[in-house]
Amino acid sequence: MSDDVGNDKRNLGIPELIDVWNARQRSAQIIKKTPLIHSLDISEQVGSNVFLKMENLHEMGAFKIRGAANKILSLTAKQQKQGVATYSTGNHGIAVSYVAKQLNIPAYVFISERVPEAKINSLRRLGATVRINGNSQDEAGEYCRKEAKEEGYTIVEPFDDPFVIAGQGTMGLEILEDIPDVDTVIIPLSGGGLLSGVAMALKSCNPSIRVIGVSMEEGAVMYHSLKAGKPVVMDEVDTLADSLLGGIGTNNQYTFSMVQKYMDEVVLIPEEDIAKGMAYILQNHRMVVEGAAAIGVGALLGRKIENLGENVAVIVTGNNVNISSFIQAVNKYVP
Ligand SMILES: *Cc1c(COP(=O)(O)O)cnc(C)c1O
């Protein structure tokens, strides 16, 4: 590999299945396959075989490590040495910091004042330099772009990047290995990097697989952007699914059109059902997951999706939640 070409000779436009395959080979040293577990109680409730894809079980607690690893490993040695930068509501920043640390390269994380303290602490523990500016992810992003340009850092975008999208797509291949005849896949939706990559991988292999996006009721920017036919800007609100907050970027290049192309349906889930989803996973699988991760289970418990087919996979995306907020959220729903 020559120093200036980078690890990927393909000049990525809209990512395709081959890019997901390349992502899988490239990041195998860092990414371990996560379990897909059958969930009996909810399967009986909805009358389909429901499987949970436990992305909370990555070492750093969320799937974002997939996209971050693929992107950072695709950079040239020179770019890696200068360092990577990101802005994020938390999990993406943690993932970039973790991968950078594994590869021994500097990471700079720009976050907004709304990000919970637990997430800031884990970033610092990972050796990242944390910069706190602005009141939203979009504002933190402006600071990030300015400083990255001045200092020569490569920005690892949280979702709107072909390498990040292809990295998240590796999860789609894993789901197909475990349930080749999956009918419906339920995917939490924010900026849409996760949904774009996974849905593209799934539908490239089998176009009849149904892909459902799930977001919270208030502040679902992708949902409102799709309705408006272009990216819209919205204020951030308080939600249990705080990892689903943030804009999609007014100059969105990839995920808006990929979500438009690959998603069959999107549903919005009330806070109460998100909490029930968190309580369900605690009670039935003895695991603590965050609101954004439990939203798909919440959608099923609230009977928000019909015609599920025989086999359903629900992506449980991460576990970065403050324990006292978790207890407060589930308290009403556990006996
Ligand atoms: C980032 C994230 C999502 C949403 O992913 P997008 O690619 O932004 O749609 C869902 N759940 C968790 C836990 C996340 O960190």
Side-chain angles (χ1 to χ4, degrees), residues 15 34 52-58 60-68 70-71 86-98 111 115-116 118-119 122-123 137-138 141 156-172 185-200 211-216 219-223 225-226 231 236 239-249 252 254-256 258-260 262-263 266 269 274 277-278 281 287-299 314-322 326:
T34 56
L52 308 182
K53 180 67 171 163
M54 307 309 299
E55 291 290 304
N56 57 310
L57 295 179
H58 288 289
M60 292 319 301
F63 75 88
K64 289 239 172 41
I65 189 179
R66 294 178 185 266
N70 188 43
K71 176 69 180 182
T86 183
Y87 53 95
S88 145
T89 57
N91 283 327
H92 178 64
I94 290 170
V96 170
S97 307
Y98 175 81
I111 59 181
V115 175
K119 293 189 177 182
S122 26
L123 292 171
Q137 190 171 0
D138 287 344
V156 183
E157 297 288 343
F159 52 85
D160 203 25
D161 177 288
F163 288 95
V164 171
I165 294 167
Q168 320 303 29
T170 57
M171 202 188 301
V185 179
I186 299 172
I187 309 180
L189 174 65
S190 176
L194 172 62
L195 192 141
S196 296
V198 173
M200 177 267 287
V211 172
I212 315 280
V214 274
S215 297
M216 61 284 178
V221 180
M222 183 62 88
Y223 171 85
S225 299
L226 290 169
E236 291 185 4
T239 170
L240 287 172
D242 59 283
S243 286
L244 301 185
L245 289 172
I248 67 165
N252 188 293
Y254 302 97
T255 61
F256 178 73
M258 287 183 78
V259 170
Q260 216 168 21
Y262 292 113
M263 185 173 69
V266 55
I269 309 304
I274 298 174
M278 295 164 85
I281 294 169
M287 281 188 265
V288 171
V289 305
E290 57 181 289
I295 196 166
V297 169
V314 183
I315 298 178
V316 177
T317 45
N319 69 7
N320 282 303
V321 57
N322 176 291
F326 177 86

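First listed ligand is number 1; within each ligand, the first listed atom is number 1.
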Checking heavy atoms under 4.0 Å, the part of Leu244 that sits near ligand 1 is side chain
Apply side chain to side chain contact (heavy atoms under 4.5 Å, CB included) to Asn319 and list each qualifying residue two or more places apart in sequence or on a separate chain.
Asn56
Side chain or backbone of Gln168 under 4.0 Å from ligand 1, or both, or neither, by non-hydrogen atoms?
neither
With heavy atoms of Gly193 as the reference, note each atom of ligand 1 found under 4.0 Å away.
6 (P), 7 (O), 9 (O)
Is there a donor-acceptor pair closer than 3.5 Å between any side-chain N or O of Thr255 and the backbone N or O of Gly193?
no
Considering both backbone and side-chain atoms of Leu194, is one of its nitrogen or oxygen atoms within less than 3.5 Å of a nitrogen or oxygen in ligand 1?
yes
Just so I know, are the side chains of Met222 and Phe256 near enough to count as touching, which here means a heavy-atom distance under 4.5 Å?
yes
Should Thr170 and Asn70 count as side-chain neighbours, where that means a heavy-atom distance under 4.5 Å?
no
Identity of the nearest option to atom 9 (O) of ligand 1, non-hydrogen atoms only, from Ser215, Gly197, Gly291, Gly192
Gly192
Please identify which atoms of ligand 1 are closer than 4.0 Å to at least one heavy atom of Ser243.
2 (C), 12 (C), 13 (C), 14 (C), 15 (O)
What pairs with Val266 under side chain to side chain contact (heavy atoms under 4.5 Å, CB included), at least two apart in sequence or on another chain?
Leu189, Tyr223, Met263
Go through the steps to decide whether Thr317 and Leu194 satisfy the test side-chain contact (heavy atoms from CB on, under 4.5 Å), and finish with yes or no.
CA-CA 9 Å; Thr317 45; Leu194 172 62; 3.6 Å; yes
Check this for me - ligand 1, Gly191, N or O atoms closer than 3.5 angstrom, yes or no?
yes
Mark up the atoms of ligand 1 that fall under 4.0 Å of a heavy atom belonging to Phe63, in ascending order.
1 (C), 2 (C), 3 (C), 5 (O), 10 (C), 11 (N), 12 (C), 14 (C)
If you measure every N/O of Leu189 against every N/O of ligand 1, is any gap under 3.5 Å?
no
Ala292 heavy atoms, cut-off 4.0 Å: which ligand 1 atoms fall inside?
11 (N)
My understanding is that we take every heavy atom of each candidate and find the minimum distance to atom 14 (C) of ligand 1. Doing that for Met222, Glu290, Glu55, Lys64, which one comes out nearest?
Lys64
What do the steps show when you test Met287 against Leu57 for side-chain contact (heavy atoms from CB on, under 4.5 Å), and what is the final call?
CA-CA 10 Å; Met287 281 188 265; Leu57 295 179; 3.9 Å; yes
Asn91 heavy atoms within 4.0 Å reach ligand 1 at atoms 13 (C), 14 (C), 15 (O)
Spatial distance of atom CD1 (Ile65) from atom CD (Gln168) [nearest 0.5 Å]
10.5 Å
Taking heavy atoms and a distance under 4.0 Å, where does Ser190 meet ligand 1: side chain, backbone, both or neither?
both
Considering non-hydrogen atoms only, spot the tightest contact between Tyr254 and Asp160 and give its length.
N-OD1, 2.8 Å
